[in-house]
Amino acid sequence: MARRRELAAVRAARARKKRRRKKRIRAVILFFETIILFMLMGTAYIMAKYDKFQLVGMDNIEVNEGIELEGYTTVALFGGDSREGQLEEGTHADTIIVVAIDNESKDIRMVSIYRDTLLKQMNDTYRKANNAYFVGGPEEAVNMLNKNLDLDIEDYATVDFKAMSDVVDLMGGIEITVTDAEAKMMNKYIGETAKAAGKKAKKLDSGGTYTLDGPQAVTYSRLRKLEGGDYKRTERQRTVINKLFKKIKKTDLATLNEIIDTVFPQVSTSFSLKKIIGLSAALMDYTLGDSDGFPFEKTDGINYPEAGDVVVAQGLAENVKELHEFLYPNQVTEEVSDTVQTISGELENETGVVRPAELDAEPEKEMEGDESGEQSYWDEGSYEDQETSDDDDSGRPYADTADAEFLEE
């Protein structure tokens, strides 16, 4: 009798264990089914929204020989000044930003290419950087950037300032501190921006910290008739992008959906559906890192035939090498390509702008006598009296600021 009870207890225990195992298996299957369902729903959602973009194929992208930027995705962002939503050739690229995404760390770095930078066009003439987009649209602009900067950009996105205004408004505005001079200049042009965006203009009382609405934020990012000119303007543009990026990561799905429905039709892009799904899936992992403007060392106020006042890199080859060190910190920086070396030499011959020797001179180590009377080298870290170059003109007004119109090319 006792033996039968033991056997029954063993069978019951085995049955309970089997039932628990089945429940765990069902729970695991249900978990993965739920994950797959959400993935399918997300993919279906993105596919449903994808056709809202103004899609442009990039079939003839050119990259300089020998360029290998592994581990990174490089994208071009353009800001057009179209009033009718026209984002192809014939549109002035008011903003040119190169974005490098570290595929492993998800760190994003941005560099604004000053639009008046003298660069070699695809027809082998020298014009301002933004000329390429005007004459040949995004594909020609991307090829021009690849050619002059040793990049491997394959995709781009372009928005006009109405789209940017809509994004800011849908996000509830962005908080920015403006100076009195900026506030005064914004009030002068806010009406024109608001009219182009189909919105109401709201002026600022004075400088201070404000939650800027769409037209205000766009006007702020387009100011150039102030100290710093286009150099400072590109800094403002990156500030606006930075603020938007931080807010969009915290935005609810309903607002994101409204942004997509409102703004995507105003965006021209070459991104495939597969790439957009991949980028969207990792949105929360991305962090926006450092940003800067290119060229790093430059001379402005140069009048070049058929291009007007231009910005010239003080040694394009050296600036391109610095650009790669900035955008791709985990990549070993090699020498620039033969193509960039050739363009660099031609720019020097065409403009007479040479790279000051002191920019590349390594600081000399001073000799000091120690208490024993022997000579010793100071460590570089304690070398406090190194001279700084007088050629850093990052704070100088832009050359053609005095005559430039707010919304002109």
Side-chain angles (χ1 to χ4, degrees), residues 77-87 90-97 112-116 128-130 133-134 158-244 262-263 266-267 293 300 308-309 311 395-409:
L77 299 182
F78 301 105
D81 66 356
S82 171
R83 279 81 166 164
E84 293 79 29
Q86 168 63 28
L87 300 176
T91 300
H92 293 297
D94 208 40
T95 303
I96 306 172
I97 297 178
S112 300
I113 309 302
Y114 301 128
R115 67 177 198 168
D116 288 349
K128 294 180 180 181
N130 67 345
Y133 199 107
F134 184 80
T158 302
V159 299
D160 59 17
F161 53 79
K162 182 183 184 304
M164 183 63 72
S165 177
D166 287 339
V167 172
V168 173
D169 282 339
L170 289 169
M171 297 290 290
I174 52 175
E175 186 177 281
I176 289 180
T177 300
V178 301
T179 66
D180 287 334
E182 287 171 336
K184 182 178 180 180
M185 193 64 69
M186 286 172 64
N187 288 340
K188 182 177 180 180
Y189 292 109
I190 186 67
E192 189 172 355
T193 306
K195 181 180 179 181
K199 300 176 184 289
K200 183 178 179 180
K202 299 177 183 177
K203 294 187 176 182
L204 303 180
D205 295 330
S206 62
T209 300
Y210 295 89
T211 298
L212 301 182
D213 64 17
Q216 290 171 338
V218 171
T219 306
Y220 169 81
S221 68
R222 292 175 63 84
L223 297 177
R224 69 183 300 209
K225 295 175 68 173
L226 292 169
E227 183 178 359
D230 199 43
Y231 307 142
K232 184 66 177 178
R233 176 169 70 165
T234 60
E235 182 182 317
R236 295 188 191 97
Q237 291 168 352
R238 296 193 300 273
T239 296
V240 170
I241 292 174
N242 200 334
K243 297 278 187 178
L244 285 173
T262 303
V263 177
Q266 303 176 63
V267 176
D300 57 17
D309 284 340
V311 176
R396 290 171 53 193
Y398 200 56
D400 60 350
T401 298
D403 300 321
E405 290 298 330
F406 177 70
L407 295 175
E408 73 175 7
E409 184 270 325

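The figures that follow rest on heavy atoms only: side chains count, while hydrogens, waters and symmetry mates do not. When a residue number appears, it is its place in the shown sequence, counting from 1.
Scored by the salt bridge (charged side-chain N to carboxylate O under 4.0 Å, His left out) test, Arg236 finds Glu182 as partners (sequence neighbours excluded). In this view, Lys184 satisfies the side-chain contact (heavy atoms from CB on, under 4.5 Å) rule with no residue, not counting sequence neighbours. Taking the side chain to side chain donor-acceptor pair (under 3.5 Å) definition, one finds that Ser165 meets it with nothing, sequence neighbours left out. Here Ser221 pairs with nothing under the side chain to side chain donor-acceptor pair (under 3.5 Å) rule; sequence neighbours left out. By the side chain to side chain donor-acceptor pair (under 3.5 Å) test, Asp166 pairs with Lys162, Lys199, Gln266, sequence neighbours left out. With sequence neighbours excluded, the residues that form a side chain to side chain donor-acceptor pair (under 3.5 Å) with Thr177 are Thr209. Shown here are the side-chain contact (heavy atoms from CB on, under 4.5 Å) partners of Lys195, two or more places apart in sequence or in another chain: there are none. With sequence neighbours excluded, the residues satisfying side-chain contact (heavy atoms from CB on, under 4.5 Å) with Asn242 are Lys246, Leu288. Considering only residues two or more places apart in sequence or on other chains, Ile241 meets the side-chain contact (heavy atoms from CB on, under 4.5 Å) condition with Ile97, Met110.
You'll find the side chain of Lys128 stays beyond 4.5 Å of the side chain of Arg115, heavy atoms only.
Between the side chain of Asp180 and the backbone N or O of Gly207, at least one donor-acceptor pair lies under 3.5 Å.
Residue pairs meeting the salt bridge (charged side-chain N to carboxylate O under 4.0 Å, His left out) criterion with at least one member in residues 201-213: none, sequence neighbours excluded.
Checking Tyr231 against Asp300 by side-chain atom types alone, a donor-acceptor pair falls below 3.5 Å. With hydrogens and angles left out, the side-chain atoms of Thr239 and Tyr220 include no donor and acceptor closer than 3.5 Å.
A salt bridge is absent between Glu235 and Arg238; no separation between the charged side-chain nitrogens and carboxylate oxygens falls under 4.0 Å. With respect to the salt-bridge test (charged N to carboxylate O, under 4.0 angstrom), the residues Arg233 and Asp94 qualify.
Partner Val167 forms a side chain to side chain contact (heavy atoms under 4.5 Å, CB included) with one of Val240, Val218, Leu244 and no other, that one being Leu244.
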